[in-house]
Amino acid sequence: MDIQVIKTEPYFDQICGTSGLRKKVSVFKQPNYLENFVQSLFNSLDGFEGKTLIIGGDGRYFNNQAIQSIIKLAIANQFGRLIIGQNGILSTPAASHLITKREAFGGIILSASHNPGGPNYDFGIKYDTADGAPAPQSLTDKITEHAKTIDHYWSVAIKDVKLSEIGEETIGNTVIEIVDSVKDYAEYMQEIFDFDAIRNLFKSGFKMHYDALNAVTGPYASYIFETLLGAEEGTVLNKTPLPDFGGLHPEPNLTYAKHFADMMYQDDAPDFGAASDGDGDRYMILGKKFFVTPSDSLSIIAKYMEEIPFYKGRFYGIARSMPTAPAVDSVAKSKSLPIYATPTGWKFFSSLLNAKKISLCGEESFGTGSFHLCEKDGIWAILFWLNIIAITNKSVQELTYDLWNEYGRTFTSTQSYEGLEIEPTNMMLDALKDKLESLEGQTFYNHKIVQTSIFNYTDPITGDEAKNQGYIIDFEDGRIFCRLSGTGSSGATLRMYYSCRTNRKELFSLDPVVALDDFIKAANEILQIKEFTGKDAPTVVT
Ligand code: G1P
Ligand code: ZN
């Protein structure tokens, strides 16, 4: 097998964000763009020759073309075995699970997660290490460094590999194995949850709708919910992964999955509604005419964690990302468990999970996971809910009110301003930084600011430092947190996170945006969002 040395020139924008490299498809389609990044990744790794690499993606436009290029580079770079999801499909959690199950060196996942797909939209590539966790900052920094000086990559001239048939073939020194994308993951879920109990729930007439949003989870959900658990046919909607997600936005929240939320608010809505994002690591939970916020969902899972035998005696602690409202802190406290607040991005949870400091972690952006694998996991979270419902026989709404009655209700709202110009947005945050300290003691709309800070984080396990991860404005009775998104592919996205808490039961049914109105007004006054960005309203509210 002749290994070709292909000359190339560096691109200087191959910088990883919150979750790998994400760009418009047109950027990825530039000559050698993907190959440069993949070779830079391989150049940043040591000792993978002869070892296994997992490859798969969320099926979006450019998925399989990218996989064919990666196969060629991986063969030329002397990987021993490539394990690829059938038709190029692997959800992020399924890829993470395969990495550890098959003792791979690592895995490449092609996905831009919750960003839209298609020729005019986004593509992405991320790398998970041998523990199935997202590449740490030290590794992604190395990749960027290599990408700046790369002048050649290695490839082989072979025909495209057939991704549609399960089986093995050997090319050069590398075995190419095409595997069922769903089987191993589904088996693992059966080890964790009580499938008999959930099966009985469906048998008793419990109804569910699951929206795969034409993204990666369709095959997983159909097999797990309908085939294994006996939910009636038609439970899983939009179940075929499509290159452009059939025009749907692959982000399960109240703005982008409005069609689904609206369905769950009809009189004839089923008992339970759930959806996942493009690559299957996020989820949304709805009851009949009822929406569960991500921080409440995390808290409810925490509350019932040890009712699931898989976790019994293995509940070490909980982590939430700093933007996530602190609802779960009360649950942790009542169980005498440590609680950690980390920067945005799953990689910050991995070291805590691996060191058994935590068993459960979650983010405001509809991502929750546990030590069962080192990525967030949408279907796992949905199965967790189904298992809780099966053992308690309570509705989604009842479970949520139980939580509020016990710990108080935490209102949350995440408001994103997308498509902002970078410069004025940075000026706005610089101005906030300058006045941050002077805000302490000031009162806005009858709420007093008690403390402000810039969020800097030192990983308690690795000692790695992450600086300037956002601005915290703590009021006596609420909180504003803000930061810039690290997953966008163009311009800037400002994320404003609001939360406040009440123990007054008569306020529990308030609309969060109404409950948080004073804090939202205060933020606009403090940051002058409209004046700097020209936008008088957020584009996404969740
Ligand atoms: C977003 C979410 C964050 C999540 C990330 C990857 O990042 O806010 O919670 O970890 O996607 O799925 P952001 O765009 O805010 O940087
Ligand atoms: Zn995702």
Side-chain angles (χ1 to χ4, degrees), residues 15-22 56-60 90-96 109-117 122-126 128 133-135 137 140 212-213 215-217 220 241 245 249-253 255-257 275-284 294-295 298 319-325 341-350 361-369 374-381 412-420 425 455 466 468-470 481-497 538-542:
I15 301 160
C16 295
T18 310
S19 185
L21 183 70
R22 258 181 226 186
D58 64 11
R60 69 177 59 222
L90 278 180
S91 73
T92 291
S96 169
I109 304 167
L110 290 324
S111 169
S113 183
H114 53 283
N115 296 12
D122 291 3
F123 189 73
I125 175 164
K126 53 185 179 178
D128 274 11
Q137 187 78 35
T140 55
L213 300 169
V216 80
T217 56
Y220 296 86
F245 306 127
H249 196 302
E251 178 158 16
N253 62 37
T255 301
Y256 289 133
S276 291
D277 74 330
D279 61 330
D281 56 2
R282 298 184 181 191
Y283 69 109
M284 172 167 75
S295 57
L298 178 65
R320 61 170 168 84
S321 68
M322 183 56 93
T324 308
T342 60
T344 296
W346 207 258
K347 56 191 174 217
F348 295 101
F349 292 136
S350 315
C361 45
E363 299 186 294
E364 90 307 329
S365 52
F366 300 77
T368 302
C374 259
E375 288 274 7
K376 54 191 170 229
D377 190 346
I379 294 214
W380 168 88
T412 71
S413 179
T414 300
Q415 311 206 343
S416 297
Y417 296 74
E418 298 168 317
L420 303 181
T425 309
F455 178 39
N468 297 322
Q469 297 295 311
F481 183 75
C482 71
R483 57 180 278 278
L484 290 182
S485 153
T487 60
S489 60
S490 56
T493 294
L494 170 72
R495 299 212 196 277
M496 301 294 306
Y497 307 93
T539 41
V540 184
V541 177
T542 59

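Counting convention: from 1, in listed order, for ligands and their atoms alike. Below, all heavy atoms of this structure are taken into account, side chains as well, without hydrogens, waters or symmetry copies. By convention here, the first residue in the shown sequence is residue 1.
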Which N, O or S atom name in [X] marks its closest approach to the Zn ion (ligand 2)?
| X | value |
| --- | --- |
| Asp277 | OD2 |
| Asp281 | OD1 |
| Asp279 | OD1 |

As an exercise, identify every atom of ligand 1 less than 4.0 angstrom from a heavy atom of [X].
| X | value |
| --- | --- |
| Glu364 | 8 (O), 9 (O) |
| Arg483 | 13 (P), 15 (O), 16 (O) |
| Arg495 | 8 (O), 13 (P), 14 (O), 15 (O) |
| Gly486 | 13 (P), 14 (O), 16 (O) |

Carefully, step by step, assess Thr92 and Lys126 under the rule side-chain hydrogen bond (donor to acceptor under 3.5 Å, both in side chains).
-> CA-CA 10 Å; Thr92 291; Lys126 53 185 179 178; 3.2 Å; yes

Between Thr487 and ligand 1, which residue portion shows a heavy-atom distance shorter than 4.0 Å: side chain, backbone, both, or neither?
->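 Both backbone and side chain of Thr487 come within 4.0 Å of ligand 1.
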
Partner of Glu363 under side chain to side chain donor-acceptor pair (under 3.5 Å), chosen from Arg282, Lys376, Arg320 |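 Exactly one candidate clears the test, Lys376.
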
Quick one: nearest non-hydrogen protein atom to [atom], plus distance?
| atom | answer |
| --- | --- |
| atom 4 (C) of ligand 1 | Glu363 OE1, 3.4 Å |
| atom 9 (O) of ligand 1 | Ser365 OG, 2.6 Å |
| atom 1 (C) of ligand 1 | Arg282 NH2, 3.4 Å |
| atom 12 (O) of ligand 1 | Lys376 NZ, 2.9 Å |

For [X] and [Y], work out which heavy atoms get closest and say how close.
| X | Y | result |
| --- | --- | --- |
| Cys361 | Trp346 | SG-CZ2, 3.4 Å |
| Thr255 | Val540 | OG1-CG1, 3.7 Å |
| Gly362 | Thr324 | O-OG1, 3.7 Å |

side-chain contact (heavy atoms from CB on, under 4.5 Å) between Glu364 and Thr412, intermediate numbers included = CA-CA 9 Å; Glu364 90 307 329; Thr412 71; over 6 Å; no

Counting backbone and side chain alike, does Ser19 bring an N/O/S atom below 2.8 Å of the Zn ion (ligand 2)?
->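 For Ser19, the answer is no, given that no N, O or S atom comes within less than 2.8 Å of the Zn ion (ligand 2).
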
Any side-chain donor-acceptor pair under 3.5 Å between Thr140 and Lys347?
->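 Lys347 and Thr140 do not have a side-chain donor-acceptor pair below 3.5 Å.
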
Glu375 and Ser96: side-chain donor and acceptor closer than 3.5 Å?
->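 Absent: no donor and acceptor within the cut-off.
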
Look at the rings of Phe455 and Phe481 and say which category their plane angle falls in: under 30° parallel, 30 to 60° tilted, over 60° perpendicular.
->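 Rings of Phe455 and Phe481: perpendicular, as their planes differ by over 60°.
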
